[in-house]
Structure formats: structure tokens, C-alpha cells
Amino acid sequence: MTATRVLVLNSGSSSVKYQLLEMRDSSRLATGLVERIGEQTSRVKHTSAAAGDGRERTGPIADHDAALKAMAEELAADGLGLDSPELAAIGHRVVHGGKYFTEPTVIDDTVLSEIERLIPVAPLHNPANLTGIRTAMTLRPDLPQVAVFDTAFHTTMPESAARYAIDVATADAHRIRRYGFHGTSHAYVSRETARLLGRAPEDVNVIVLHLGNGASASAVRAGRCVDTSMGLTPLEGLVMGTRSGDMDPAVIFHLMRVGGMSADEIDTLLNKKSGLIGLCGDNDMREIRRRIDEGDEQAKLAFDIYIHRLKKYIGAYCAVLGQVDAVAFTAGVGENSAEVRAAAVAGLEPLGLAVDAERNAVRGEGPRLISPEGARVAVAVVPTDEEMEIATQTYALAGNND
Ligand code: AMP
């Protein structure tokens, strides 16, 4: 039997998301989430064709080991057990691959220790990713396990975009540079945008706007990333659900010296209590739009700040790329908020950018154009699919492709 299935794992500090994909027809056999790991009220949500509308159960799940065992039980209950000879490989989302990992990589001891070495630059994510990998290795030690890095797509950035203008020796000693994140999404969406235009990725320049709870922009020239808005960590760049994005770094010294805050307190402030939630108390764009419709000034200001920053990045990346063929909106906000898309592009007609109100208002599933007929630059909504991209890359590297 040819092994044609890939299990994709995205292990966070207190959750594991999983998807089992069939690569022959790119279908999703099962998806699920184990959350609140380590608490009494852990929850497993599981969906598959056999599970109908899906199943949910709560109860204590002590650690990642128990979480992956819970996942394995759910899959087995639907006849999709991990012992299946049809399973070709397991693909792991790994947040930080530093400069070292420029491509998806089959995991061995050297790879594990390199991911571990990167913990100082990704203290929240890489330890959780490592735990997920090590646990999955014990479940199926015979299978290839592949790491797909969030940073990999951005390793093509030139030094002029990747370096901060700080003392070079200090930067290098501490591996301080702009790595960028959401790379799997930027890679997938830029390629899908080219496909939507009926052109090869090497023939188009695309600005990708990944607007989810986390948000980032990238400038992609001929299929290669030349700039992106996130930096050493995902804190830099756009205004996000709970992150500030760009800010004068002196705000941090000021908060330390004058505000008496510690580094950890400022870290939490900027990553968890800033952005939209800091500005107006909500980080869900649906709720913010609802409040704006009711005349809420604070929500309106938060929206305006969000759009102002987004517009600056669109303008900047038009300048970085020179020739722009398409701007693609993706992720939760980008795919669903017609208001954000219209506001971000409003007034950019001199750059060749415009949104057709009717097209923009249509809710659809797949990739679609929202710019007017004959526009110089295509504006598109291109749904992202990070799991499918991880599965595709994993299968290409480790699948039994005979
Ligand atoms: P993501 O991180 O890509 O899952 O995106 C999550 C975010 O998408 C949420 O926090 C919302 O702000 C936003 N979102 C999801 N659905 C909608 C919608 N129908 N309209 C506007 N924003 C949405």
C-alpha cells in the first residue's frame, strides 16, 4: 500500500492543533484541537467525516504526551489510527528556524538541537514545538518527521532588509536580525495569487497581507520574499489583535525608567495587552465593526490606527518592489472583513490600487479578485491554508513518491 497521508501538528505551549490530510486528492480526513493542556478543564475537539458534526470532550490532560495520545485515540475511533500503513510522514510547524533553516527539514538529532539552540530568540514557541516533535517521535518512531519553519520563506530577504541598523558585533553576538514569521502562509498565498492571475510565481510581484489575530505583510518578488513586517520576534510591524507592532524602542526605556515596569511586564504589555485590545478593549474585528456601527469613538480610533499602519506598509512595499502585480488579503480579518480591505486600499489609486465595492462585498470561499476590471494592480482575497502547505512540503520531502 502506498503511504499517501500526512499528519500535521502545530504544538503550542498549552494546545496542539492537528490535521490528517490525504495527499492524493488534497482532502482533509480529520482536524482537531487539544487545548488547555495541563489544566483540569482540558478540551479535545475532533472533526472528521466519520465524526459527523464533530466530537468534543473535556477533562484533565496533563501534558503534550497525554494530548497526542488523546489525538491518537480520536483518530483511531474514526478508523484513522496512527498505526496505519497509509501514514507517510508527520509534518510539524516550527516557529523559529533562525538563519539556519531555509527549507523544510527531516528531523534528526542535529535538527532537534538546532531548534533548541534557537530557544533564546523564540522562548514561547520553540520549546512547545520541540515537545510536540519529541512526543510524536515516540508515537511513530519509524516515520519521517519534518519541520516546516515559519521563518524559512523569509530567509531570502537581502541583508539590507534583514538587518537592524545597530552595532553589527552586538547584533551578531545575540543573533539579532529580522527573521519574519507566518512564512508558510506568505509562501502559500503568494503562489496561489500567481495562480489566480494565471501566471507563474516567478513572473509576478505580490504584496501579501496576512491579517489574523497576529498580522504581517510581506513583499514577494518573483516568488521570493524580499521584505516582511515581523522581525526578531512577531512583535514588529502591523497593529495586531494584542500586539503593538512598530513603536519607538525608547518607549521601553521610558516604561522602565519612568513607569517602573520590569522587562517581563513590558513584554506582556506589548505582546498581550496592546494592539486592538489595548486601544479599545476588543481584538475581534467583528466586534470592533459592530461598535463602530453603534457610534463608538474608541473602536473607530482603534480601527483607524490599524488601517493607517496597514496603509503605510502597502505603500512601503510598493516602493520596495517597484512593480507590483497583486495585493493579496488573507487570514481571519483579511479573508472576512470587506471594511478593512476597502479602508486599507482607499486613496491608493495613484499607486494603481483600487477595490470594486460590489466584488469586495461578495462572500466567497476560494481565491477571488476584488479589484475593478482592467485594474493595473490586482487586489485579491486569497484564503490561506498553512496546514495544507505544511503537508505538501512534508510529503514532497518525505513522502513515498514513487
Ligand atoms: P486568525 O488568526 O487568522 O484565525 O484570525 C482571527 C481573527 O479574524 C479574529 O480575531 C477576528 O478579528 C477576525 N475575524 C474572523 N472572522 C471575521 C469576520 N467574519 N469578520 C471580520 N473579522 C473576522
Side-chain angles (χ1 to χ4, degrees), residues 8 10-19 28 31-33 35 45 47 93 95 124-125 150 180-190 192 208-218 228-230 233-235 237-245 271-294 296 298-307 309-310 328-345 355 357 359-368 370 380-390:
V8 175
N10 182 353
S11 308
S13 54
S14 65
S15 71
V16 175
K17 291 189 198 132
Y18 61 89
Q19 289 201 6
R28 243 166 277 264
T31 67
L33 165 70
E35 59 187 346
K45 288 190 199 167
T47 312
R93 176 185 183 215
V95 168
L124 293 180
H125 295 107
D150 251 24
F181 299 88
H182 292 144
T184 312
S185 177
H186 286 283
Y188 176 83
V189 170
S190 57
E192 286 297 303
V208 178
L209 304 170
H210 177 112
L211 310 176
N213 195 33
S216 62
S218 68
T228 194
S229 60
M230 284 177 167
T233 76
L235 185 55
L238 299 173
V239 175
M240 311 183 207
T242 66
R243 297 189 192 112
S244 63
N271 275 295
K272 305 250 169 78
K273 299 181 181 169
S274 297
L276 292 170
I277 208 159
L279 288 166
C280 75
D282 271 308
N283 62 334
D284 192 315
M285 193 52 81
R286 286 164 287 200
E287 188 56 21
I288 291 170
R289 288 305 313 176
R290 195 191 57 72
R291 285 172 55 186
I292 293 172
D293 289 344
E294 286 177 353
D296 186 320
Q298 206 187 2
K300 174 75 171 69
L301 180 60
F303 184 82
D304 289 348
I305 294 170
Y306 181 96
I307 296 295
R309 183 84 50 85
L310 188 52
F329 287 89
T330 194
V333 176
E335 290 169 31
N336 293 300
S337 177
E339 293 96 341
V340 165
R341 296 192 298 258
V345 171
V355 158
R359 288 181 173 186
N360 189 31
V362 175
R363 298 192 69 81
E365 287 282 297
R368 55 198 184 274
I370 56 169
V381 178
V382 180
T384 192
D385 193 341
E386 288 169 279
E387 290 77 15
M388 183 58 74
E389 178 68 12
I390 292 172

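The chain is numbered in sequence order, starting from 1. We count ligands from 1, going down the list as the structure has it; atoms in each ligand are counted the same way.
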Scan the protein's non-hydrogen atoms and note whether one is under 4.0 Å from atom 8 (O) of ligand 1. yes
The closest protein heavy-atom partner of atom 20 (N) of ligand 1 is Arg286 CG, 3.3 Å
Counting non-hydrogen protein atoms only, what is the nearest one to atom 11 (C) of ligand 1? Give residue, atom name and distance. Asp284 OD1, 3.4 Å
Leu235 and Ser244: CA distance, side-chain angles, deciding distance, side chain to side chain contact (heavy atoms under 4.5 Å, CB included) verdict: CA-CA 7 Å; Leu235 185 55; Ser244 63; 3.8 Å; yes
For ligand 1, which is the ligand I care about here, please tell me if Met285 has any N or O atom under 3.5 Å from one of the ligand's N or O atoms. yes
Considering non-hydrogen atoms only, spot the tightest contact between Pro234 and Phe181 and give its length. N-CE1, 3.5 Å
Indicate yes or no: does Arg28 engage Asp385 in a salt bridge with an N to O separation below 4.0 Å. yes
A side-chain contact here means heavy atoms from C-beta on lying under 4.5 Å apart; do Val345 and Ile370 qualify? no
May I ask you to check if ligand 1 and Asn213 share an N or O to N or O distance below 3.5 Å? yes
Treating Thr330 as the side-chain partner and Val382 as the backbone partner, does any N or O pair qualify as donor plus acceptor under 3.5 Å? yes
If you scan protein heavy atoms around atom 10 (O) of ligand 1, the nearest is Asn283 O, 3.8 Å
Does any N or O in the side chain of Arg341 come within less than 3.5 Å of the main-chain N or O of Glu335, such that one atom is a donor and the other an acceptor? yes
For the side chain to side chain donor-acceptor pair (under 3.5 Å) test, which of His186, His125, Arg93 pairs with Asp150? Arg93
Under 4.0 Å from a heavy atom of Gly212: give me the atoms of ligand 1 that qualify, with their elements. 1 (P), 2 (O), 3 (O), 5 (O)
In terms of side-chain geometry, is the basic nitrogen of Arg291 or Glu294 positioned less than 4.0 Å from the acidic oxygen of its partner? no
Ranked by distance from atom 14 (N) of ligand 1, the top protein heavy atom is Gly332 O, 3.6 Å
Is Val340 touching ligand 1 with its side chain, its backbone, both, or neither, if touching means heavy atoms under 4.0 Å apart? neither
Please state which protein non-hydrogen atom is closest to atom 18 (C) of ligand 1 and give its distance, to 0.1 Å? Asn336 CB, 3.2 Å
Do me a favour and list the nearest non-hydrogen protein atom to atom 13 (C) of ligand 1 with residue, atom name and distance? Val333 CG2, 3.6 Å
